[in-house]
Colleague: 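Below is one structure. I have some questions about it.
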Amino acid sequence: MSKSLLKVNNIEVVYNHVILALRGVTLDVEEGSIVSLLGANGSGKTTTLKACSNLVHAERGAVTKGSIEYDGDDIAGNDPYNLVKGGVVQVLEGRHCFTNLTVEENIMTGSFIREDSKQAKQDLERVYDHFERIRIRKKSLAGFISGGEQQMVAMGRALMSRPKLILLDEPSMGLAPQLVEEIFSIVKNLNKEGVSFL
Ligand code: ATP
């Protein structure tokens, strides 16, 4: 049986001290697995991911009940910087690329936690190996590339921190079917390399 990488146990999330966005959410991501969250608009998928990455904190949200364990440690309320260092990274819905930076500069921002610049360069090549489509656009400003390419940039940026778990929020939103297929096949390849997904 595989080991549990992320365990969300009966959590509640409240925004602004009063808005109850999540109640009683429990899920398990086993090491090496891809777990999908399905639900209607506003049902709390993004909030669940942001509770795990602790980005809810930036929106005046908090996990008020339950627990979140990553690799056996309680991580609810941990600093997102340290979570990224520990291998948990979120790719936000809507990509959020820096439009005035080039594709490559955007990807390199994902290595901000790294101290080994030589290895970061090798990892950049790994990103381009997965996302050939953005290798040829590396000098373009991210604001001038397509939505699908921006999604690849956002995922490539996340890969630069060498994550064990990627919290991937609506990666196919607004993309053409061919690109959706391409992105999911890259997810599958990354999963084969040992990256887990929620
Ligand atoms: P979508 O599919 O539209 O992205 P979702 O399933 O990801 O939706 P969330 O965005 O997590 O759902 O929203 C869950 C609930 O929390 C909704 O009722 C939403 O209005 C509320 N909510 C989300 N973000 C905030 C916030 N920053 N402040 C207050 N309420 C919020």
Side-chain angles (χ1 to χ4, degrees), residues 4-30 33-70 74-84 87-99 106 110 142-143 145-159 161 163-184 186-188 190-191 195-198:
S4 172
L5 188 60
L6 181 77
K7 244 183 197 314
V8 174
N9 184 30
N10 204 19
I11 59 164
E12 176 180 285
V13 174
V14 176
Y15 287 109
N16 285 309
H17 301 287
V18 288
I19 302 165
L20 178 62
L22 282 190
R23 189 171 57 188
V25 173
T26 295
L27 60 89
D28 205 336
V29 180
E30 288 186 352
S33 65
I34 301 176
V35 173
S36 297
L37 274 184
L38 305 177
N41 286 356
S43 58
K45 303 176 297 292
T46 296
T47 301
T48 304
L49 298 183
K50 285 187 174 171
C52 298
S53 60
N54 200 19
L55 292 179
V56 279
H57 184 64
E59 296 182 33
R60 297 173 55 85
V63 178
T64 47
K65 275 190 192 155
S67 64
I68 304 175
E69 277 175 38
Y70 168 72
D74 186 354
I75 56 159
N78 275 19
D79 182 345
Y81 173 86
N82 285 318
L83 288 172
V84 172
V88 184
V89 68
Q90 182 159 356
V91 178
L92 293 167
E93 175 181 343
R95 5 272 188 208
H96 297 271
C97 294
F98 299 103
T99 52
N106 265 277
I145 62 176
S146 74
E149 288 165 344
Q150 286 185 347
Q151 182 64 42
M152 293 179 184
V153 170
M155 290 169 69
R157 179 173 58 193
L159 279 183
S161 63
K164 280 199 228 162
L165 174 66
I166 298 184
L167 306 166
L168 187 55
D169 200 355
E170 303 222 18
S172 58
M173 194 177 67
L175 303 185
Q178 193 194 335
L179 271 157
V180 173
E181 218 166 278
E182 218 174 286
I183 282 174
F184 284 121
I186 293 165
V187 166
K188 214 162 137 192
L190 290 170
N191 182 247
V195 183
S196 306
F197 285 87
L198 172 60

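Start at 1 and go down the list; that is how both ligands and their atoms are numbered. Throughout, numbering of the chain's residues begins at 1 and tracks the sequence.
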Colleague: So, Glu69 and Lys7, do they make that salt bridge, N to O below 4.0 Å?
Modeller: no
Colleague: If you take all heavy atoms of Gly147 and Leu175, which pair is closest and at what distance?
Modeller: C-CD2, 3.5 Å
Colleague: For Glu181, look at atom CD and say whether over 12 heavy atoms of other residues, nucleotides or ligands are found less than 6.0 Å away.
Modeller: no
Colleague: Can you tell me which residue and heavy atom of the protein come closest to atom 8 (O) of ligand 1, and the distance to 0.1 Å?
Modeller: Gly42 N, 2.8 Å
Colleague: Ignoring hydrogens, tell whether any protein atom lies closer than 4.0 Å to atom 25 (C) of ligand 1; use the non-hydrogen atoms only.
Modeller: yes
Colleague: If the contact criterion is a heavy-atom separation under 4.0 Å, does Gly44 count as touching ligand 1?
Modeller: yes
Colleague: Which option wins on minimum heavy-atom distance to atom 16 (O) of ligand 1: Gly39, Ser43, Ala21, Gly94?
Modeller: Ala21
Colleague: Ignoring hydrogens, tell whether any protein atom lies closer than 4.0 Å to atom 22 (N) of ligand 1; use the non-hydrogen atoms only.
Modeller: yes
Colleague: Any side-chain heavy atom of Pro171 within less than 4.5 Å of one from Val187?
Modeller: no
Colleague: What protein heavy atom sits nearest atom 27 (N) of ligand 1, and how far off is it?
Modeller: Glu59 OE1, 2.8 Å
Colleague: What's the shortest heavy-atom distance between Val84 and Ser161, and which atoms?
Modeller: CG1-CB, 3.7 Å
Colleague: Who's the nearest protein heavy-atom neighbour of atom 28 (N) of ligand 1, and how far?
Modeller: Tyr15 CG, 3.6 Å
Colleague: With heavy-atom distances below 4.5 Å as the criterion, would you say the side chains of Leu179 and Met152 are in contact?
Modeller: yes
Colleague: Going by the atom numbers of ligand 1, which of them fall below 4.0 Å from some non-hydrogen atom of Thr46?
Modeller: 4 (O), 5 (P), 7 (O), 10 (O), 11 (O)
Colleague: Looking at atom 4 (O) of ligand 1, what's its closest protein heavy atom, distance included?
Modeller: Glu93 OE1, 3.3 Å
Colleague: Tell me, do Gln151 and Val91 make a side-chain contact under 4.5 Å, heavy atoms counted?
Modeller: yes
Colleague: Heavy-atom contact check, 4.0 Å cutoff: does Glu170 meet ligand 1?
Modeller: yes
Colleague: Any idea which atoms of ligand 1 are less than 4.0 Å away from a heavy-atom of Ala40?
Modeller: 6 (O)
Colleague: Within less than 4.0 angstrom of ligand 1, does Gly61 place any heavy atom?
Modeller: no
Colleague: Against heavy atoms of Thr47, which atoms of ligand 1 measure under 4.0 Å?
Modeller: 9 (P), 11 (O), 13 (O), 14 (C)
Colleague: Let me see the working for Ser67 and Asp74 under side chain to side chain donor-acceptor pair (under 3.5 Å), right down to the final yes or no.
Modeller: CA-CA 7 Å; Ser67 64; Asp74 186 354; 5.8 Å; no
Colleague: Do Asn10 side-chain atoms and Gly66 backbone N/O form a donor-acceptor pair below 3.5 Å?
Modeller: no
Colleague: So which protein heavy atom does atom 2 (O) of ligand 1 come closest to, and at what separation?
Modeller: Lys45 NZ, 2.9 Å
